[in-house]
Number of protein chains: 2
Amino acid sequence: MKKDFLYQEISQNIARLIKNNVLKAGDRLPSVRMLCTAHGISMNTAKRVYLELEGQSLIESKPQSGYFVSGRRKLLPLPETSRPLPAGSEEEPEQLIARVYDNMGKPGLTLFSIGVPDQRLLPVARLNKEMIQATRRLSGGGTAYEELQGNEKLRLAIAARSFSWGGSLREKDIITTAGGMNALSFSMMAVSKPGQTIAVESPVYPGILQLARSLGLRVLELPTHPRTGIEPDALKKVLPQIHLCLLVTNFSTPLGSCMPDTHKREVVKLLAERNIPLIEDDLYGDLYFGNSRPSCCKAYDKTGHVLWCSAVSKTLAPGYRVGWVAPGRYKEQLLQLKLSHAISSSAITQEVVAGFLESGRYDHHLRKMRRTLQHNCDHYTQTIAGHFPPGTRTGRPQGGLTLWVELDKRINTTDLYASAIRQHISIAPGRMFTLQQQFENCMRLCFGLPWTDELQHKLQQLGRIAAMQL
Amino acid sequence: MKKDFLYQEISQNIARLIKNNVLKAGDRLPSVRMLCTAHGISMNTAKRVYLELEGQSLIESKPQSGYFVSGRRKLLPLPETSRPLPAGSEEEPEQLIARVYDNMGKPGLTLFSIGVPDQRLLPVARLNKEMIQATRRLSGGGTAYEELQGNEKLRLAIAARSFSWGGSLREKDIITTAGGMNALSFSMMAVSKPGQTIAVESPVYPGILQLARSLGLRVLELPTHPRTGIEPDALKKVLPQIHLCLLVTNFSTPLGSCMPDTHKREVVKLLAERNIPLIEDDLYGDLYFGNSRPSCCKAYDKTGHVLWCSAVSKTLAPGYRVGWVAPGRYKEQLLQLKLSHAISSSAITQEVVAGFLESGRYDHHLRKMRRTLQHNCDHYTQTIAGHFPPGTRTGRPQGGLTLWVELDKRINTTDLYASAIRQHISIAPGRMFTLQQQFENCMRLCFGLPWTDELQHKLQQLGRIAAMQL
């Protein structure tokens, strides 16, 4: 096709300029729009040029700044877009998941396998103070049932923050839940029936697979790009087969992908045309490394069929179990499910989070936390680039908590897990994140741990263990 | 039948002795065993004699003491055993329930309709202190995920208390949940599939009906005696039709019935023979008025098919959402469901409850609370006996929080609700507690409100409003 030819020609030309040092490390590249004009190509083709060069690690994007020639930092190539089978054999990696989770409780492990920020990144002292104030503010110190829809102050604060991602929620649009997973659970129950099919990313957070299967749903994994998430074209093809869709739109785990605005808008439109509900898991949206928060599919939702879910589990307090959902047109079903399965949420932890958000400390905390995470992520990618065996590729998350690492095809990360755990290192093998036989040379590493010399040594050690598998 | 004849003859004889003042108010009657020996009858026949006399309010049982001729206290007759249709039309009283719940939020109402103890009956100050200590004890002040099975100290304390009802649980047998309803929800999900049939009491707590229907289950309501709960014989007949059973074995709401040990043992045996799981909701077991706590079906469970559920929602802190289940043979399924739908429980409130239970304050608090509730219940029954229209019958709860009131057949309590709410009194109409057209002359009143002159006037006023319906 002409388009294919064009994008390859242009990207090869730019690659040549970089390799010949005409374009130097740190040089800014023309904007996507300028590239369009200069070559008479479409926006999509221009974007594809830069994605291709980024995949080769020749250039890198800086959020809100544009594209630059890669600098001294050595960047490994990106993994390729996943290609799950259209109708995969559904084999849940139950035993592997159970093994990884069971081991995580053992003391003395370096937990690259976790998916939550380390406690040292959380404002624990401040939250403890809020706890005392919350018991004083609440009627009966939080012993009384909260109203069914959830703490009103908390819902007001969440609604106010929705402007940061292009939303315009009101408090009455939001229902609180016992954490983010509980929001996904009620959402899935509200919009699905056993035997129906749900479309998800691939690789995908195993909790989503387990939840879907516990509700008797069939799972369809979609081709997913490590930077931009699911491919709208791939979704389009399977629309007749699916009844609902669940996407982690911003800094998904394990990939760290973030859907571009154009994809978000297109996906919402495609699904709306067929009345297919979209459960949007926006658990990581506040953990962006760039200058501003990415948007949400919910921002483009005109028909109310997007159920926007989030929580403070990745930013503030996993153990509080404070989450929420803006369920759009499914509000009545959500309220009924919450009443039937839970009566109400835990009053005290919601009040603590409401107080923290109201105080304005949340933004301050997030700024600090984002800096730390970005810093950690850079250290991880650099260390991996220097100490992992040839053939290694890494995702390039622009936010979130986790890094996807693809190793040489000959390395099986389930075996690597077994070798690493003997050296007190825990990783999350790629097979955990799919129902199919794929990602067996991949793993997820959490960079929500404080970066120390010891952690660096452990990561280097992991690289050596990986090399020994060859 | 000879047996029928015998029990009637003996009970008529005793009734005559009481009416002729041979047996006087407060006189102790022979024990059930002595009655057997004296008349050469079976234990069951002897018990039936006393149940019959109790139904006529001629005698009353005092827990752990035996039967006595009714005293000066005027006791209204007991409602009869419910007789739901074997295959009822399933019409959920959704709108009625929504109306009652919505109105409950309005200020200035006397809430006879609630199902939780008033805050003034709870140890709020002490719990607030425990909250501060818990944030200090917990790693990260409760921000960290708790282990999947739940707070170990809490599970140890619950296991230790199981001796009080004949159980012998270990901490590893227990999984904590976000409140009692959440325990029922996970239990029902673990042992049922959509389209299956669940047997429950009739009348039954509406949350159980809503939960069952949200999981696509068919509900079969069982004939239920206002003192002794479901009839084992009735259960026996429907065994081939049902796939699971849920019973509130001790001081159920709305009836306040408590299954005798013999019934508990028989029901467990019947269900075990057919491998039918029993979800036992023991939410009210600690709120007994007698000298000792009633047993649980779980105590007779030899095969692990009883899932024993409870919580502190009715005794300590409804808003904390701290509950648990001892799921027997279904432990793995329960853990998987908890992981998939919730990840973990709220860490802080579990630690507070664990601390309170460990301190030994729980028993002290329960003693006080039980005295208050028994006292309130007596006041309610006396006030109703004195101020409600002829034809009124009341349950005779030996524990729990609620009183079942049956009015003259011509009074519709849904209409009564409308009249009462205009006078700022909220009741729970009988139709809320069934999927069938029954209990339309019944209502549930909560006696977990502090007994004051004002409350007494409100109850008398309710009697007058009821009389006006005639």
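Here is how names work: the chains are called A, B, and so on, in the same order as the sequence lines, proteins then strands, and each is numbered from 1.
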How far apart are the closest heavy atoms of A:Ser214 and B:His341, and which atoms are they?
-> OG-NE2, 2.8 Å

Among A:Val352, A:Leu122, A:Thr135, A:Leu127, which has the most heavy-atom pairs under 4.5 Å with chain B?
-> A:Thr135

Evaluate whether atom NZ of A:Lys153 has more than 12 neighbouring non-hydrogen atoms of other residues, nucleotides or ligands under 6.0 angstrom away.
-> yes

Determine the option with the most heavy-atom pairs under 4.5 angstrom with chain B, choosing from A:Ala347, A:Ala178, A:Pro194, A:Ser344.
-> A:Ser344

So how far is it from B:Lys338 NZ to A:Met181 CE, rounded to the nearest 0.5 Å?
-> 14.5 Å

Interchain contact, A:Gln336 with chain B, by part (heavy-atom threshold 4.5 Å) = side chain

Please look at A:Ser346 and chain B and tell me whether the side chain, the backbone, both or neither of the residue comes under 4.5 angstrom of a heavy atom of that chain.
-> both

Please state whether the side chain, the backbone, both or neither of A:Leu316 comes within less than 4.5 Å of a heavy atom of chain B.
-> backbone

Could you check if a side-chain atom of A:Thr349 sits within less than 4.5 angstrom of a side-chain atom of B:Thr349, using non-hydrogen atoms only?
-> no

Pairs of heavy atoms under 4.5 Å with chain B: top-ranked of A:Gly216, A:Pro206, A:Ala183, A:Ala144 = A:Ala144

Contacting moiety of A:Ala342, where chain B heavy atoms sit under 4.5 Å = backbone

Measure distances from B:Leu337 to the heavy atoms of chain A and classify the residue's part below 4.5 Å as side chain, backbone, both or neither.
-> side chain

Residue among B:Ala212, B:Pro117, B:Gly141 with most heavy-atom pairs under 4.5 Å to chain A = B:Gly141

Verify, without hydrogens or angle tests, whether A:Gln210 (side chain) and B:Ser340 (backbone) share a donor-acceptor contact under 3.5 angstrom.
-> no

Residue pair B:Gln119, A:Ser139: steps toward the side chain to side chain donor-acceptor pair (under 3.5 Å) verdict = CA-CA 9 Å; B:Gln119 217 170 88; A:Ser139 154; 2.9 Å; yes

Heavy atoms, side chains only, cut-off 4.5 Å: are B:Tyr145 and A:Arg321 in contact?
-> yes

To the nearest 0.5 Å, how far apart are OG1 in B:Thr143 and CG in A:Leu121?
-> 11.0 Å

Tell me, do B:Met189 and A:Met189 make a side-chain contact under 4.5 Å, heavy atoms counted?
-> yes

OH/B:Tyr101 to CG/A:Leu339 distance, rounded to the nearest 0.5 angstrom?
-> 6.0 Å

